[in-house]
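What follows is a short report on a single structure.
It should be emphasised that the depicted structure is a prediction, and the values quoted were computed from it without experimental measurement.
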Amino acid sequence: MQADVLTAAAQSEEAVNAESTYEIEVTTHSGEDDPEDNKSQLITREEVESSKKAYRFVKRTEDVVLSLVALIVLCIPMLIVALIVWVTSPGASPIFKQDRIGKNGRTFKLWKLRSMIPNAESKLDELMSQNEMDGPVFKIEEDPRITPVGKFIRKTSIDELPQLVNILRGDMSIVGPRPALPREVEQYGDYERQRLLVRPGLTCYWQTHHLRNEVSFEEWMKLDAKYVREYSFTEDWKLIFRTFSVIFHKEGE
């Protein structure tokens with residue numbers, strides 16, 4: 001059984017690296033900038049791929065095992081919530097799929113439990129003037145597109161549970177920068193594109209920040225760049241435990 005899991009992890013790693021839609025070209029620069037800024041020291045794809053190989057292999061194995069166990073344990077609660085979403089949002093699938101950008105610019109379908117009205121995407125342009133975030137990210141505190149059930153499953157992060165399937169497939173990891181939308185990535189510079197050098201995750205530094213909706217886009221990118229430079233088993237498990245605390249205290253968006 002253990003050998004089968006390790007083999008599946010290795011095959012998933014190869015599959016995820018096989019295709020790319022956004023070419024990630026990040027070069028290393030030197031300068032006299034503030035060392036706390038780190039914008040003058042960009043990590044490259046080669047540096048990421050050549051370092052911590054054993055860590056990445058074991059991490060992928062953990063992703064496969066933990067996501068599979070979680071799906072088995074949570075399948076009934078997820079089905080119940082999906083049924084509630086289906087009843088309260090007639091005519092729409094309870095599972096919402098959306099294009100996101102993953103490792104090395106690869107596009108994949110992210111899965112979520114529907115928390116918005118069926119035509120939410122078409123209403124985005126009407127709400128752009130109310131955007132409360134800087135940078136290419138869109139977010140408003142009282143988004144009128146969110147359903148009453150959606151507010152609850154967002155607060156408790158239940159809407160994110162279908163992404164366990166994305167993790168099992170190799171699109172995502174348990175820990176890593178949150179997967180960005182294509183329209184956001186199109187506005188990235190070299191510094192922001194560093195976050196695409198690793199698999200996106202279910203949780204990250206930003207996700208566990210107690211004031212994450214008040215974090216600026218620049219600070220968010222710094223947190224993701226910090227993870228790409230410093231990721232380790234210790235940091236991963238710290239973030240996992242912090243995530244449970246956030247969910248328990250209903251600090252989701």
task = Could you go through the side-chain contact (heavy atoms from CB on, under 4.5 Å) check for Glu142 and Lys151 one step at a time?
result = CA-CA 10 Å; Glu142 296 297 330; Lys151 288 183 180 180; 4.1 Å; yes
message = Assess whether a salt bridge exists between Lys238 and Glu235, defined as any Lys/Arg side-chain N lying under 4.0 Å from an Asp/Glu carboxylate O.
response = yes
message = Check this for me: does any side-chain nitrogen of one of Lys103 and Glu49 sit under 4.0 Å from a carboxylate oxygen of the other?
response = yes
remark   = Ile158 and Leu113 have their tightest heavy-atom pair at O-CD1, 3.6 Å
task = Could you list the residues that satisfy ring pair (Phe, Tyr, Trp, His ring centres under 6.0 Å) with Tyr188, not counting sequence neighbours?
result = none
Spell out, yes or no, whether [X] and [Y] are grouped together once hydrophobic residues are joined by side-chain heavy atoms under 4.5 Å, including indirect joins.
X: Phe138; Y: Leu110; result: no
X: Phe96; Y: Leu164; result: no
X: Ile167; Y: Phe233; result: yes
X: Met78; Y: Val85; result: yes
X: Val87; Y: Leu79; result: no

ask   = Within a reach of under 6.0 Å around CD of Glu230, are more than 12 heavy atoms found that belong to other residues, nucleotides or ligands?
value = yes
Heavy-atom donor-acceptor pair, Lys52 side chain to Tyr231 backbone, under 3.5 Å = yes
request  = Show your reasoning for whether side-chain contact (heavy atoms from CB on, under 4.5 Å) applies to Glu184 and Glu192.
outcome  = CA-CA 10 Å; Glu184 296 170 354; Glu192 292 77 20; over 6 Å; no
query = Can you list every pair that meets salt bridge (charged side-chain N to carboxylate O under 4.0 Å, His left out) and has a residue in residues 87-102, with sequence neighbours left out?
reply = Asp99-Lys109
Mutual orientation of the aromatic rings belonging to Phe241 and Trp237 [parallel < 30°, tilted 30-60°, perpendicular > 60°] = tilted
request  = Apply side-chain contact (heavy atoms from CB on, under 4.5 Å) to Ile80 and Ile84, showing your working.
outcome  = CA-CA 6 Å; Ile80 293 173; Ile84 294 172; 4.2 Å; yes
request  = Evaluate side-chain contact (heavy atoms from CB on, under 4.5 Å) for Arg178 paired with Glu160, printing each intermediate quantity in order.
outcome  = CA-CA 11 Å; Arg178 287 297 293 160; Glu160 309 284 3; 3.1 Å; yes
